[in-house]
Protein chains: 2
Amino acid sequence: MDSISVTEENYLKAIYKICEKEEKGASNKAISTRMDTSAASVTDMLKRLAKKELIHYEKHSGVTLTREGRAIATHLVRKHRLWEVFLADKLNFSWDEIHPMAEELEHINSEELINRLEKFLGYPKFDPHGDPIPDEEGRITTRQQMLLSKLEMGEKGTIVGVQEHSATFLQYLDRLGLTLDSQVTLVEKFEYDQSVKIKLNGMLDLLLSDKVSNNIFIKING
Amino acid sequence: MDSISVTEENYLKAIYKICEKEEKGASNKAISTRMDTSAASVTDMLKRLAKKELIHYEKHSGVTLTREGRAIATHLVRKHRLWEVFLADKLNFSWDEIHPMAEELEHINSEELINRLEKFLGYPKFDPHGDPIPDEEGRITTRQQMLLSKLEMGEKGTIVGVQEHSATFLQYLDRLGLTLDSQVTLVEKFEYDQSVKIKLNGMLDLLLSDKVSNNIFIKING
DNA sequence: TAAGTTTTTTAGATTAGCTTAAAAATGTTT
DNA sequence: AAACATTTTTAAGCTAATCTAAAAAACTTA
């Protein structure tokens with residue numbers, strides 16, 4: 001019944017995020033890069049997390065979360081994203097400002113608080129970046145989505161999320177007028193540099209680099 | 001420009017609270033009691049806080065806060081009380097539940113966040129216990145208030161705060177129907193045990209022990 | 001003021017989380 | 001398979017915050 005520290009929580013979340021992408025478990029390298037810490041510190045922490053049975057750890061091979069470890073990680077993600085909705089919807093922060101504050105708020109410990117916050121916000125299913133919010137049991141609403149770059153000529157879609165979360169990218173999208181729920185239609189595809197021309201909300205035409213179109217998730221209309 | 005830890009913040013707040021009451025600075029004993037830690041730990045921390053010039057410290061005498069130390073403490077109080085208003089007004093927690101959550105939330109670091117929260121809450125001047133909320137510069141709205149036990153016969157007042165903040169006391173007040181803004185009139189005083197009979201909101205008569213009447217602040221009507 | 005009690009400080013140790021440097025294991029090339 | 005490169009682990013040590021036990025200072029009271 002030993003309690004879990006903020007640092008341990010952050011390691012679990014890092015492992016969770018890495019395992020979402022990579023199939024083979026999280027490597028020491030990947031974790032130390034993400035946590036901006038030394039490989040030795042990671043090994044140290046992995047041993048502690050293994051002793052608490054929060055991860056499956058064997059020397060010299062990638063780690064994965066146990067059922068309990070994953071429950072903690074998804075709960076953190078749930079809290080993070082609900083706080084992001086609060087910051088954006090209630091306190092009017094923009095989507096490029098909310099992450100660092102939510103990073104602190106996610107460690108506040110109270111089931112009751114987070115459940116009441118969820119109710120207060122109207123049981124949102126997605127955060128301001130379009131990422132799904134896990135429910136109390138860690139289940140997430142999955143959505144039919146694809147990259148904007150994969151649109152066919154003339155096809156219409158709605159922006160539902162972003163892959164890249166950096167403040168600079170999000171600010172750039174704001175500058176372009178690209179927000180969640182924007183309607184986009186593919187007008188032209190330039191093979192030369194993989195850039196695309198889109199019609200935004202049935203109004204102006206916009207030219208997007210491959211880097212931009214490969215970091216925006218859309219849902220095909222209908 | 002070294003940053004300040006959550007633990008250091010808690011010590012500063014403890015010293016601030018003690019100095020509010022005692023005139024002569026906070027003793028090691030008073031701090032260790034309030035922080036529920038050993039006297040040795042306190043001495044240790046006092047040296048560190050002194051080195052950071054957050055307190056005035058001399059061996060074997062009570063400590064006081066420097067201007068900077070006091071600024072940090074009042075800012076913590078400001079954050080604590082604003083979060084308490086949020087928890088009570090927006091998430092519908094009762095006044096006996098909010099303190100432990102606010103104790104965590106007060107350590108979230110963002111000026112912008114707390115200022116927007118203040119705006120969102122409508123710039124409240126008092127928290128759900130009737131305690132004043134410091135503004136950005138640490139100034140508090142003082143209020144003409146006195147203990148319910150000091151009412152004269154027939155005199156009318158409004159409940160504006162409590163001195164004791166324990167959950168059991170607050171729950172007891174709820175049971176009695178005594179909430180902030182209740183109207184009370186002194187009906188009778190019993191010298192024998194210092195208990196008082198009051199009329200609540202012009203309706204029912206209520207008998208209060210000295211312990212209760214000495215922990216409720218009222219404002220004389222008019 | 002001398003004796004006794006309480007408070008405060010010092011000394012020495014512990015734990016979590018981190019570091020660097022070196023050793024060991026694993027992966028990659030030729 | 002041998003040589004090199006990379007990754008992971010071990011070893012030793014640091015800091016913040018804590019502890020207990022003992023020493024020192026301050027107060028209380030006969």
Side-chain angles (χ1 to χ4, degrees), chain A residues 1-15 18-19 21-65 69 72-73 76 103-104 107 109, chain B residues 1-15 18-19 21-65 69 72-73 76 103-104 107 109:
Chain A
M1 223 32 72
D2 33 22
S3 75
I4 183 160
S5 73
V6 168
T7 311
E8 289 169 326
E9 285 188 340
N10 285 334
Y11 271 95
L12 289 178
K13 207 176 59 152
I15 294 166
I18 294 163
C19 289
K21 311 246 153 167
E22 326 271 325
E23 278 304 305
K24 357 177 39 303
S27 69
N28 184 315
K29 191 78 195 305
I31 299 168
S32 67
T33 301
R34 181 174 266 268
M35 299 285 295
D36 192 29
T37 187
S38 72
S41 303
V42 173
T43 302
D44 217 71
M45 179 57 85
L46 294 184
K47 284 179 184 169
R48 252 175 291 149
L49 293 175
K51 193 147 65 184
K52 291 189 177 190
E53 296 184 41
L54 298 173
I55 61 170
H56 300 292
Y57 173 58
E58 266 174 85
K59 278 188 189 179
H60 300 102
S61 60
V63 299
T64 52
L65 296 172
I72 294 170
L76 281 169
E103 206 69 3
E104 292 191 55
H107 298 290
N109 286 310
Chain B
M1 221 35 71
D2 36 20
S3 76
I4 183 162
S5 72
V6 168
T7 311
E8 289 170 326
E9 286 188 339
N10 285 334
Y11 271 95
L12 289 177
K13 207 176 59 152
I15 294 165
I18 294 164
C19 289
K21 310 247 152 161
E22 327 269 326
E23 279 304 304
K24 358 178 38 301
S27 68
N28 184 313
K29 190 77 195 304
I31 299 168
S32 67
T33 301
R34 180 175 267 269
M35 300 285 294
D36 193 27
T37 187
S38 73
S41 303
V42 172
T43 301
D44 218 71
M45 179 57 85
L46 294 183
K47 284 179 184 169
R48 255 176 289 151
L49 293 175
K51 192 147 66 185
K52 292 190 177 187
E53 297 184 42
L54 298 173
I55 60 170
H56 299 293
Y57 173 58
E58 267 175 83
K59 277 188 188 178
H60 299 103
S61 60
V63 299
T64 53
L65 296 171
I72 293 170
L76 281 169
E103 206 70 4
E104 292 190 55
H107 298 291
N109 286 310

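Lettering follows sequence order; numbering is per chain, from 1.
- For B/Thr37, the side-chain atoms get nearest to D/dT18 when compared with the rest of C/dG17, D/dT18, D/dT8.
- Atom NZ of A/Lys52 sits about 8.5 Å away from atom CD1 of A/Ile72, to the nearest 0.5 Å.
- Neither OP1 nor OP2 of D/dT8 sits under 4.0 Å from any side-chain N or O of A/Thr43.
- Neither OP1 nor OP2 of C/dT8 sits under 4.0 Å from any side-chain N or O of B/Tyr57.
- Taking every side-chain heavy atom of A/Asn28 into account, D/dT8 is the closest of C/dT20, D/dT18, D/dT8.
- For A/Ser41, the side-chain atoms get nearest to C/dC18 when compared with the rest of C/dC18, C/dT8, D/dA17.
- Checking C/dT8, C/dT19, D/dT20 against the side-chain heavy atoms of A/Ala40 singles out C/dT19 as nearest.
- Which of C/dT7, D/dT10, C/dT19 sits closest to the side chain of B/Lys29 comes down to C/dT7.
- Look at CG on A/Asp44: it is 20 Å from P on D/dT7, rounded to the nearest Å.
- Taking for each of A/Arg48 and B/Ser61 the nucleotide of DNA chain C with the nearest heavy atom, the 5'-most of the two is the partner of B/Ser61.
- The minimum heavy-atom distance linking A/Leu65 with A/Ala73 is given by the pair CD1-CB, 4.1 Å.
- Residue A/Ser5 has no polar side-chain atom (N or O) positioned under 4.0 Å from OP1 or OP2 of C/dA16.
- With DNA chain D read from its 5' end, the first of the two nearest nucleotides for A/Lys47 and B/His60 is the one closest to A/Lys47.
- In this structure, B/Lys51 atom NZ and D/dA17 atom P are separated by 12 Å, rounded to whole Å.
- Minimum atom distance to the side chain of A/Ala39 is reached by D/dT9, of the listed D/dC19, D/dT9, D/dA26.
- For D/dT9, the OP1/OP2 oxygens have no side-chain nitrogen or oxygen of A/Lys59 closer than 4.0 Å.
- Distances shown here put a side-chain N or O of B/Tyr11 below 4.0 Å from the OP1 or OP2 atom of D/dT18.
- Rounding to the nearest 0.5 Å gives a distance of 7.0 Å between CD1 of B/Ile55 and CD1 of B/Ile31.
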